[in-house]
Amino acid sequence: MRVFKFGGASVKSASAVKNVGEVLRTQSEGPLVVIISAMGKITNKLEKLMDAYFHNKDDKRILYKEILNFHSEIIKDLKIAENDYYEVENLLIELECKIEKKRDETSSYDVEYDRIVPFGELISTKIVSTYLNKIGYKNRWIDARNFVITTNKNRAANVIWEESVPLINSSLKPLVERQTIVTQGFIGRGLNHKNTTLGREGSDYTASIFAYALDAESVTIWKDVDGVMNADPRKFENAVLIEKLSYNEAIELAYYGASVIHPKTIQPLKNKGIPLYVKSFVDPAKPGTVVLENESRTLNETQCYIVKENQSMITIASKDFSFIVEDNLEIIFNAFNTAGIQLNLMQNSAISFMASFNEDELKANYLSEILIEKFNVSLAKGHTLLTIFNYNKTNSEMEEIIGQRNVVLEQKSNSALQLLLI
Ligand code: ASP
C-alpha cells in the first residue's frame, strides 16, 4: 500500500491534471491512496473570498465568479462531458449559497474559514477523480473528513490518532485494497463534527496521517522540482539536489522553514520507518530525494540555505525593568499563542525579548494590544531570516553572503546559524 500526494501546482490546469493521470498510469502499482490539494492558487483565492464574506465586502461575488470560472475552464479543457461534473457543480453552488447567506454573527473568523476554504480540496478531488475514471484509471473518491479526526482548533487542527487510525483501518483499508482512493489533503473534522483544516500546505501532513494509519510502504510527494534542494534555485545559483536525508534532518529543515515538506509530515513516518520520496511530476523517472535514514546525519558537507522574507521583528521590554525570565516569558509566550503567531527566531536579554515571525499586520497588532499594558513593544517590518543548516562557513564566506545588509539578530546552534537581516 502506498500514498501519493499531489500539491496545487500539479493540478493547476487541465494539462497538469492530464499529467497527473500519466504519472498515475506509469508510476502506480498496487493499492494506492492519492491525496490532492486545491488546484493552483485556489486556496489563496478562497481565503480572500472568506475575508470578503466575513467582512461583507463588495468583491465577494467577483471572487466567487473567479473561482467558478477557474474550475469551469479546467473542466472544459479536460474535454469530458460537462454532465459528468454535476457533483462539482453542486459543490460550487453550495459554496455560493454559503457566501450569500447572512453570516452567523456569533461564529468566529477561524470557524468560518474552515467552512469555506476546504471547498478548494473538495472541488479539485472531484474533478481529478472524475477525469481519472473517464480515462480508465478506476478510482473511488472519499471524503477525508470522515477519516481525519482532529482537535477543534480551527485552521491549525491536530490529528487525534486514537480516533483516526482505527477508522482508517477498519473502514478505509478494505476499500484501498480493492481500488485506488482519491481524497483531499488539508481538511479534517473536529470532535465537534465541524470542519477543520491542518494549516496552510497541510496536505503533506494528510499524506503522512494516512500512511501511518495504513502502515504504508512509502509516501511520495510529487512536486514541480526534482526533489529537496539545498537552497531555492531562484535565489542560489549553485543549488543542488539532496538525494538522501535522514528523518531528523528533514524535520529540522522543515522546522527552519524549508518549504518542500510541511513540518508535521515527518514524525509519523519516522515512527513507523516509512520512507518519504520527493519526486518531480514533470520527470517522474528522475530519482528525487528519499527521506529514510534513522541515523542522524546524511548531509555530510552539504549546507542548506533557507530564506524567509517578509519577517516582522518585535522587541518586548518590561516597563518596570523586571527581568525577562520565567514569569514574563510565560506572559509573552501566551500572548504569541493567543494571537496565533508562530515564532521563527527568538532571543532574550536581561530586560528585553526579541523575535521574528512572518509578517501579518492583523495578528501583530493583536499581539501588541495584549502585551502593551505590561511591556514596551516595538515592531519593525521588512526583515529577512536566513538559516544556514549544517553550517560550516568561514568569516569571509559569511561576509559575502550577508553583503550590504545588517544583522539584527544572530543565533547559532549545533546544526544551524540563523541571521535576521535588514
Ligand atoms: N490547499 C492548501 C494550501 O494551499 C493545502 C495544501 O496545498 O497543502 O495551503
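Note that the structure is a prediction, hence the values are computed from the model and not measured.
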>> Please evaluate residues Glu47 and Arg200 with respect to the criterion salt bridge (charged side-chain N to carboxylate O under 4.0 Å, His left out), reporting the C-alpha separation (whole Å), side-chain torsions for both, the decisive distance (0.1 Å), and the verdict.
In response: CA-CA 11 Å; Glu47 283 189 338; Arg200 290 300 309 265; 3.2 Å; yes

> How far apart are the C-alpha atoms of Thr151 and Leu191, what are their side-chain angles, what is the distance that settles it, and do they pass the side chain to side chain contact (heavy atoms under 4.5 Å, CB included) test?
Replying inline: CA-CA 6 Å; Thr151 54; Leu191 287 172; over 6 Å; no

> Could you walk me through whether Lys98 and Glu112 pass the salt bridge (charged side-chain N to carboxylate O under 4.0 Å, His left out) check?
Replying inline: CA-CA 10 Å; Lys98 273 208 163 66; Glu112 292 299 315; over 6 Å; no

> After noting the C-alpha distance and the side-chain angles of Glu105 and Arg103, does the key distance pass the salt bridge (charged side-chain N to carboxylate O under 4.0 Å, His left out) rule?
Replying inline: CA-CA 6 Å; Glu105 299 287 336; Arg103 182 170 73 76; 3.5 Å; yes

>> Using salt bridge (charged side-chain N to carboxylate O under 4.0 Å, His left out), reason through Lys57 and Asp51 one step at a time and then give a plain yes or no.
In response: CA-CA 8 Å; Lys57 292 185 193 156; Asp51 197 67; 2.5 Å; yes

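Between the side chains of Asn152 and Arg189, no donor N or O sits under 3.5 Å from an acceptor N or O. A donor-acceptor contact under 3.5 angstrom links the side chains of Thr150 and Thr196, judged on distance only. A donor-acceptor pair shorter than 3.5 Å can be found between the side chains of Glu309 and Thr384. Checked by atom type, the side-chain pair Lys126/Asn90 shows no donor-acceptor distance below 3.5 Å.
Arg25 forms no cation-pi arrangement with Tyr137, by the criterion of a distance under 6.0 Å to the ring centre and an angle within 45° of the ring axis. A cation-pi arrangement, defined by a distance under 6.0 Å to the six-membered ring centre and an angle within 45 degrees of its axis, is present between Lys272 and Tyr212.
Counting only heavy atoms from C-beta outward, the side chains of Ile422 and Arg405 never approach each other to under 4.5 Å. A 4.5 Å side-chain heavy-atom check between Leu386 and Leu421 finds at least one atom pair inside the cut-off. The shortest side-chain heavy-atom distance between Gln411 and Gln347 falls under the 4.5 Å cut-off. When side chains are defined from C-beta on, Phe147 counts as touching Phe210, because their heavy atoms get closer than 4.5 Å. Taking the side chain as every heavy atom from C-beta outward, Gln184 and Trp141 approach each other to under 4.5 Å. Looking at Phe281 and Glu22, their side chains never come closer than 4.5 Å, going by heavy atoms from C-beta outward. Contact check for Glu66 versus Leu63: side-chain heavy atoms found under the 4.5 Å cut-off. The shortest side-chain heavy-atom distance between Ser72 and Tyr85 does not fall under the 4.5 Å cut-off.
Using a 4.0 Å cut-off between charged nitrogen and carboxylate oxygen, Asp204 and Lys5 count as a salt-bridge pair. Salt bridge annotation for Lys194-Asp114: absent, with no cationic side-chain nitrogen under 4.0 angstrom from a carboxylate oxygen.
Between Phe333 and Phe336, the ring planes lie tilted relative to each other; the angle falls in the 30° to 60° range. Aromatic ring pairs are classed by plane angle as parallel below 30°, tilted from 30° to 60° and perpendicular above 60°; the pair His55 and Tyr109 is tilted.
With a 6.0 Å radius and a threshold of 12 heavy atoms from other residues, nucleotides or ligands, Lys363 has its NZ atom above the threshold. Phe54 CZ: more than 12 foreign heavy atoms inside a 6.0 Å radius.
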